[in-house]
Amino acid sequence: MFKAIGRLFTRVKEGLAKTRARIGGALRTLIGAGRAIDRQFLQQLEDTLLAADIGVAKTDEILAELKRSYRDGEVAKGEDLLAFLKKTLRDELAAEGSDLQRAASGPTVVLVVGVNGAGKTTTIAKLAKRLTGEGRTVLIGAGDTYRAAAIEQLAIWAERAGVELVKSHQGADAAAVAYDAVAAAEARGCDYVLIDTAGRLHNKEHLMRELEKLRRVIQKRIPSAPHETLLVLDGTAGQNAVQQAKVFKEAMGVTGLVVTKLDGTAKGGAAITVRRELGLPVKFIGVGEGMDDLQPFDPDAFIAAIFGDQE
Amino acid sequence: MFEHIAERFGSIFDRLRHGTKLSEDNIRDGLQEVRKALLEADVNVQVVRDFIAKVEAKAVGQQILQGVAPGQQVVQIVHDELITLMGEADATIPYAKHGPTVILMAGLQGSGKTTTCAKVARLLIEQGKRPLLVAADLQRPAAIEQLKVLGAQVGAPVFHEPGCKAPELCARGLARAELDNRDVVILDTAGRLHVDDALMTEVAEIHSRTKPHQTWLVLDAMTGQDAVVSAKAFNDRLPLDGVVVTKLDGDARGGAIVSMRAVTGKPIKFVGVGEKMDGLQPFFPDRYARRILGMGDILSFVEKAQGAVDEKQAKHIEERILKNKFDLADFQAQLQTITKMGSLKDLLGLIPGIGAKFSAVNIDETIFKKYQVIIGSMTKHERSRPDLIEMSRRRRIAMGSGTTTNDVSALLKHFDAMKKVMGKFGDIQEMAKKLPDQPELTPEQLANPGAFMPDPNALFRKPVDKDALKRYRQERKKKAKLKKANKR
């Protein structure tokens with residue numbers, strides 16, 4: 001058990017290692033022994049935060065806060081910076097339970113939405129593996145009936161994860177597939193039903209409406225569903241992520257985020273902005289292409305890995 | 001939609017008088033706004049810094065021109081410098097003199113390589129080429145299947161041989177192309193992170209084995225600051241020839257595009273817009289400069305309109321309007337076209353100078369839907385003769401469409417008002433016939449259009465009635481007399 005947790009932690013760290021090398025490296029020069037907090041220091045910090053996709057508004061906020069703390073004597077030297085940043089950002093990312101909601105009875109319906117290429121299908125596969133690992137029974141609905149071979153892709157993943165898949169053919173009505181999946185999960189007494197959807201850019205009105213329809217159709221079967229609507233955000237995305245989250249939240253009542261592709265050099269700072277502006281919690285992060293590369297979001301581990309804290 | 005940067009400039013530059021010279025001091029705040037806008041558009045931090053320095057150097061010392069808002073003048077400098085930074089567009093593909101031309105696509109996961117490969121194949125087929133697609137993404141499940149489906153859609157064969165590694169597979173694909181007399185080979189490779197050493201080595205090996213004539217990086221337009229890091233890494237391992245930017249039909253400002261040229265020095269070859277196979281376009285730096293600055297994009301507006309409007313139908317409606325036969329059925333067709341173009345607010349945002357003004361206005365778009373439903377509940381006869389729709393018909397239509405009689409009346413009133421305006425179009429066309437013919441304009445005339453254009457107001461002027469004044473005076477005198485008489 002402890003070993004498993006240890007391995008998990010190392011994985012996040014490994015996944016975020018490059019991230020750490022970059023932001024941590026940049027910060028370390030700032031934190032360097034006895035460095036005074038001067039104009040140049042602030043400039044360097046600003047660049048570092050901006051390069052992490054944290055956004056202009058949040059960066060300005062952090063800098064203003066830092067200046068205030070400096071005047072108040074809470075922060076005096078470069079080495080105090082780390083504690084300061086961790087405090088500021090941890091408040092921002094404070095965990096409000098990254099656990100998935102459960103339905104009071106019957107299967108828990110998890111709807112997965114996002115723009116094209118964010119990593120929805122892969123995330124579903126990882127999530128299915130994760131939940132079966134916890135001893136849950138899972139069923140997947142192949143709701144991406146648009147993209148060529150999306151169903152085949154999910155079928156391969158479902159087989160690898162050893163879970164059942166409800167699917168139709170390309171071009172079929174996604175809402176019908178979703179309905180069938182929910183009905184099948186109910187009939188079989190599954191704990192979870194994960195529904196994949198076609199990637200869509202949030203500014204395509206008709207596609208967003210189609211997604212709303214899918215939700216309404218599911219609700220015909222289970223009125224309280226979907227119990228979770230997860231928005232998959234590409235970790236390399238910039239400030240547009242905020243707009244994406246906003247539109248998807250308005251249309252679909254998104255309940256949480258999954259930030260993918262954090263095993264590269266991208267820092268996923270946009271998620272911090274999304275969290276700040278829309279209050280959406282990050283539930284999971286994707287750190288690789290393997291089945292096990294989905295980790296529950298742990299703000300402490302996240303920040304620690306970003307800022308290269310070895311504690 | 002985005003805010004027009006010139007509007008942010010408003011208060012900052014308004015106090016500058018004409019004739020003042022731009023100086024470091026008086027443009028500082030303005031440049032701060034430019035910087036913010038670029039960063040919010042995801043242009044790389046370092047690129048922004050260099051860019052601002054360049055703009056400052058250009059602007060300082062310039063005199064504020066008469067008749068131009070100072071803010072506008074600075075925006076122009078920013079706009080021009082952005083275009084310079086993005087460099088010339090280059091959508092050419094230099095074909096090999098002998099044997100097939102090889103194009104290698106590389107990029108991160110989910111950037112859109114497979115879709116782009118098929119789109120490029122389609123474009124080449126249109127140009128009379130015979131492309132072969134090679135499915136060399138052995139990482140993502142069903143990626144090969146996906147390319148096969150897309151290949152069939154665009155009519156390009158897809159090569160794949162199970163059991164061999166990607167570099168070997170690509171080499172075999174190339175051999176096959178030569179055998180089948182295919183003149184272009186498009187290699188679809190797996191998405192990979194630039195920090196994944198094994199996969200980066202693999203793609204470098206593909207490159208060395210197939211010696212592509214063109215190597216393109218496929219980049220998601222929504223990418224943030226990391227775009228520069230990954231592009232640099234790819235450029236270090238592969239000699240890139242260009243970049244294809246995908247998903248530009250989204251609403252990201254696509255600042256990564258600006259950074260690309262600055263960091264890799266490579267041109268943007270194409271941009272991907274939409275999931276349909278014809279959604280591949282050449283890149284226009286001036287359009288993207290405007291997009292990044294939130295200045296609206298009239299060309300995109302036009303394109304959107306073209307995509308939604310059925311040419312034949314438009315012609316038909318135009319004729320009906322001119323003949324004053326426009327009826328509710330035509331109105332419904334028009335409403336459908338408008339709804340097809342997407343959100344009205346977004347559309348307005350594309351029009352320069354308008355977007356920002358309407359950003360606060362909440363346009364009730366449900367009314368279009370409502371009108372369509374109401375018209376849908378009418379009989380054919382009623383649609384062509386709206387004047388027939390009296391109260392009992394209104395009640396029936398309201399029942400049928402789930403609206404109220406007030407809604408039906410509102411629609412009819414709206415339609416009536418529209419029709420009155422349209423009646424005038426017909427008149428205008430009549431007037432246009434009266435204009436003297438101007439078959440072709442000389443450059444001199446174009447330079448000074450005021451001199452030869454007939455005065456447009458003349459068309460509306462009534463013929464001068466010389467006796468009118470006389471009659472008016474007589475009338476006045478009469479009235480005065482009557483008044484006097486009454487007093488007595």
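Everything quoted here is computed from the prediction, not taken from an experiment. Proteins come first, then strands; the chains are lettered A, B, ... in the order of their sequence lines, and each starts at number 1.
In this structure the side chain of A/Thr121 reaches within 4.5 angstrom of the side chain of A/Arg147, judged on heavy atoms. Looking at heavy atoms from C-beta onward, B/Ser230 lies out of side-chain contact with A/Thr236 at the 4.5 angstrom threshold.
Residue A/Val247: no heavy atom, backbone or side chain, is found under 4.5 Å from chain B. Neither the backbone nor the side chain of A/Ala270 comes within less than 4.5 Å of any heavy atom in chain B. Proximity to chain A (any heavy atom under 4.5 Å) is shown, for B/Asp196, by neither the backbone nor the side chain.
The pair A/Lys213-A/Asp173 meets the salt-bridge criterion, with a side-chain N (NZ, NE, NH1 or NH2) lying under 4.0 Å from an Asp/Glu carboxylate O. We find that B/Asp188 and B/Lys113 are not joined by a salt bridge, their nearest charged nitrogen and carboxylate oxygen being 4.0 Å or further apart. By the 4.0 Å N-to-carboxylate-O rule, A/Lys58 lies too far from A/Asp53 to be salt-bridged with it. Ionic pairing of A/Glu46 and B/Arg35 is present here: one or more N-O contacts between side-chain nitrogen and carboxylate oxygen are shorter than 4.0 angstrom. Remark: A/Asp292 engages A/Lys129 in a salt bridge, criterion side-chain N to carboxylate O under 4.0 Å.
Ranked by non-hydrogen atom pairs under 4.5 Å with chain A, the options B/Met222, B/Lys247, B/Lys148 are led by B/Met222. Between chain A and the options B/Leu39, B/Asp220, B/Thr115, the largest number of non-hydrogen pairs under 4.5 Å is found for B/Leu39. Interface remark: of the candidates A/Gln239, A/Gln170, A/Gln244, A/His202, A/Gln239 forms the most heavy-atom pairs closer than 4.5 Å to chain B. Listed options B/Gln139, B/Arg49, B/Gln153 were ranked by heavy-atom pairs under 4.5 angstrom with chain A; first place goes to B/Arg49. When the candidates A/Gly117, A/Ala241, A/Ala118, A/Ala57 are compared by the number of heavy-atom contacts under 4.5 Å with chain B, A/Gly117 comes out ahead.
Judged by distance alone, the side chain of A/Thr260 and the main-chain N or O of A/Gly119 form no donor-acceptor pair under 3.5 Å. At distances below 3.5 Å, not a single donor-acceptor pair connects side-chain atoms of B/Arg122 with backbone N or O atoms of B/Ala156.
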For A/Leu233 and A/Val274: C-alpha separation, side-chain torsions, deciding distance, then whether side chain to side chain contact (heavy atoms under 4.5 Å, CB included) applies. CA-CA 10 Å; A/Leu233 279 184; A/Val274 171; 4.1 Å; yes
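Of all residues spanning residues 148-156 of chain A, those with a heavy atom less than 4.5 Å away from chain B's heavy atoms are A/Ala148, A/Ala149, A/Glu152, A/Gln153, A/Ile156, arranged by number.
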